[in-house]
Amino acid sequence: VNFTGWDKSLNNITENMDAPPLYTVNRLTVNFYNGSELVGTSEADYGGAPDIIPTVTKIGYTFNYWDPDIEHVTIDGLNTYAQFTINKYDVTFLGYNNETLGASPYKVEYGGTVATPPTPPIVEGHTFKTWDRDFSIVEEDMTIRAVYDLNLYTVHFVDYDNSAIADVQVEHGNTVVAPEAPAHDHYDFTGWDHSLDNITTDGLYIKALYTPQTYTVTFVALEQTVKT
């Protein structure tokens, strides 16, 4: 504090009186920094808090406090620095049926990654392709889904003697479109030796089936002439 005088005039004293001293509280300057950036300057009464405290932010972090403490300022020209805590985000991995995978949700610091993501489950008739979002740099809560491709199979159509007719591709669980079967003299095509529906195997061989044609033979008796 600074002494500024007395609360009564000391001139022309004519009787006993009390004259208490007068003081003013020192005003101190406080400088606020966010990292190396000066973000504000304020004043504070000696032993008090600054009149104005700036709001500071840092992407991916949460503000905690000022260091040194500014609740009771006793130093003029005090430099105080914003202290932050890095944010952590939830990263959840989901499988083909939206089931939670691994240790989800994984806790990841801002800017970090999931070093060891879960192993995608095996799904019948499907092949894991990728994850639907990049999680190499995490900056928010994330839900990440496994992406699968439907398996594509080759079906080999062969003739009765195992000679190739055609190779046809079909997706898992679908119906394969059969080629036209070759024609053979004296035989009728009757179908295939395997169902064309719900194909779930790669490299399946399907053979053409035939039955011999049947013919009707009519025997006719010849008329005989008898001489008399």
Participant: Using atom types as modelled and distance alone, determine if a side-chain donor or acceptor of S42 lies under 3.5 Å from a backbone N or O of I52.
Facilitator: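 Indeed, once roles are kept as given, a pair shorter than 3.5 Å links the two residues.
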Participant: Side-chain contact, heavy-atom cut-off 4.5 Å: P50 with V73?
Facilitator: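 P50 vs V73: side chains touch.
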Participant: Taking the six-membered ring where the residue is Trp, are the ring centres of W66 and F32 under 6.0 Å apart?
Facilitator: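 That pair passes the under 6.0 Å test.
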Participant: Taking the side chain as every heavy atom from C-beta outward, state whether P105 and M142 have any pair of such atoms under 4.5 Å apart.
Facilitator: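 Of all side-chain heavy-atom pairs linking M142 with P105, none is under 4.5 Å.
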Participant: I'd like to know if D159 and K207 make a salt bridge, using a cut-off of under 4.0 Å between side-chain N and carboxylate O.
Facilitator: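 Salt bridge flag = no for K207 with D159.
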Participant: Can you confirm whether or not the ring centre of H184 sits under 6.0 Å from the ring centre of Y160?
Facilitator: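 Distance test on ring centres: under 6.0 Å, yes.
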Participant: Hey, are Y215 and H186 close enough side-chain-wise for a donor-acceptor pair under 3.5 Å?
Facilitator: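 Their side chains do contain a donor-acceptor pair, which is all the 3.5 Å distance test asks for.
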Participant: Donor-acceptor check, side chain of T80 to backbone of P68, threshold 3.5 angstrom: yes or no?
Facilitator: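 Checked: pair present.
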Participant: Would you call I137 and E139 a side-chain contact if the rule is heavy atoms closer than 4.5 Å?
Facilitator: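 They are in side-chain contact.
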Participant: Could you check Y33 against V39 for side-chain contact (heavy atoms from CB on, under 4.5 Å), going step by step and ending with a plain yes or no?
Facilitator: CA-CA 5 Å; Y33 284 88; V39 294; 5.9 Å; no
Participant: Does any non-hydrogen side-chain atom of T175 lie less than 4.5 Å from one of I199?
Facilitator: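 When only atoms from C-beta onward are counted, T175 and I199 do not touch, as no gap falls below 4.5 Å.
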Participant: Using 4.0 Å as the upper bound for N to carboxylate O, is an ion pair formed by D141 and K88?
Facilitator: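 Salt bridge absent between K88 and D141.
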Participant: Between Q83 and Y81 (side chain of the first, backbone of the second, donor and acceptor by atom type, cut-off under 3.5 Å), is there such a pair?
Facilitator: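 Yes: the side chain of Q83 pairs with the backbone of Y81.
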Participant: Less than 4.5 Å apart, any side-chain heavy atom of N198 and any of T200?
Facilitator: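 Yes; the side chains approach each other to less than 4.5 Å.
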Participant: Please examine the side chains of V168 and F157, heavy atoms only from C-beta on, and report whether any two atoms are closer than 4.5 Å.
Facilitator: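 With C-beta onward as the side chain, the pair touches.
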Participant: Are Y61 and V138 joined in one hydrophobic group, where the rule is that I, L, V, M, F, W and Y side chains link up if heavy atoms are under 4.5 Å apart?
Facilitator: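 Y61 clusters together with V138.
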Participant: I75 vs L28, test: side-chain contact (heavy atoms from CB on, under 4.5 Å). Steps then yes/no.
Facilitator: CA-CA 7 Å; I75 300 173; L28 307 178; 5.8 Å; no
Participant: Please confirm whether the backbone N or O of Y110 pairs with a side-chain atom of N87, one donor and one acceptor, at under 3.5 Å?
Facilitator: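 Answer holds: no.
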Participant: Is the side chain of D149 donor-acceptor paired with the backbone N or O of K129 at a distance under 3.5 Å, no angle test?
Facilitator: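 Pair absent, no side-chain N/O of D149 close to backbone of K129.
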Participant: Count the heavy atoms of every other residue, nucleotide or ligand shown that sit under 6.0 Å from OH of Y210, and state whether that count exceeds 12.
Facilitator: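 It does: Y210 OH has more than 12 such atoms within range.
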Participant: Is I122 reachable from Y96 through a run of hydrophobic residues whose side-chain heavy atoms are each under 4.5 Å from the next?
Facilitator: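 Shared cluster, no.
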Participant: Run Q169 and Y153 through side-chain contact (heavy atoms from CB on, under 4.5 Å) and show every step you take.
Facilitator: CA-CA 5 Å; Q169 290 191 319; Y153 302 135; over 6 Å; no
Participant: Can you confirm whether T113 sits close enough to V108 that some side-chain heavy atom of one is under 4.5 Å from a side-chain heavy atom of the other?
Facilitator: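 No, too far: nothing below the 4.5 Å cut-off.
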Participant: Could you check whether T41 and N31, counting side-chain N and O atoms only, form a donor-acceptor pair closer than 3.5 Å?
Facilitator: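 There is such a pair between these side chains.
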Participant: Give a yes or no on whether the backbone of D197 and the side-chain of S195 come within a donor-acceptor separation of less than 3.5 Å.
Facilitator: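 Yes, the answer is positive, given that a donor and an acceptor are paired below the 3.5 Å cut-off.
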Participant: Without swapping roles, check the side chain of D134 against the backbone of S136 for a donor-acceptor pair under 3.5 Å.
Facilitator: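 Yes; judged by distance alone, with no hydrogens or angles, the pair exists.
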Participant: Just by distance, do the side chain of T74 and the backbone of G47 share a donor-acceptor pair under 3.5 Å?
Facilitator: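 Flag not set: sc T74 to bb G47 has no pair under 3.5 Å.
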Participant: Would you say D188 and Q213 are linked by a side-chain donor-acceptor pair, where the criterion is simply a distance under 3.5 Å?
Facilitator: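 A pair is found: one side chain offers a donor N or O, the other an acceptor, under 3.5 Å apart.
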Participant: Walk me through whether T127 and N151 qualify under side chain to side chain donor-acceptor pair (under 3.5 Å).
Facilitator: CA-CA 6 Å; T127 299; N151 289 347; 2.7 Å; yes
Participant: Just wondering, do I70 and I53 contact through their side chains at under 4.5 Å, heavy atoms?
Facilitator: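 Yes, at least one pair of side-chain atoms sits under 4.5 Å.
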Participant: Starting from L94, can I reach I144 by hopping between I/L/V/M/F/W/Y residues whose side chains sit under 4.5 Å apart?
Facilitator: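 Different clusters.
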Participant: Find out if a path of hydrophobic residues (ILVMFWY) with successive side-chain heavy-atom gaps under 4.5 Å connects V177 to L150.
Facilitator: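 The answer is no; the residues belong to distinct hydrophobic clusters.
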Participant: Minimum heavy-atom separation for T190 to T211, with atom names?
Facilitator: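 Here T190 and T211 meet closest at CG2-OG1, 3.5 Å.
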Participant: When you look at K58 and E37, which way does the salt bridge (charged side-chain N to carboxylate O under 4.0 Å, His left out) test go after all the steps?
Facilitator: CA-CA 12 Å; K58 184 177 181 181; E37 179 187 3; over 6 Å; no
Participant: For F135 together with F93, are the ring centres under 6.0 Å from each other?
Facilitator: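 Judged by ring-centre distance (under 6.0 Å), F93 and F135 do meet the cut-off.
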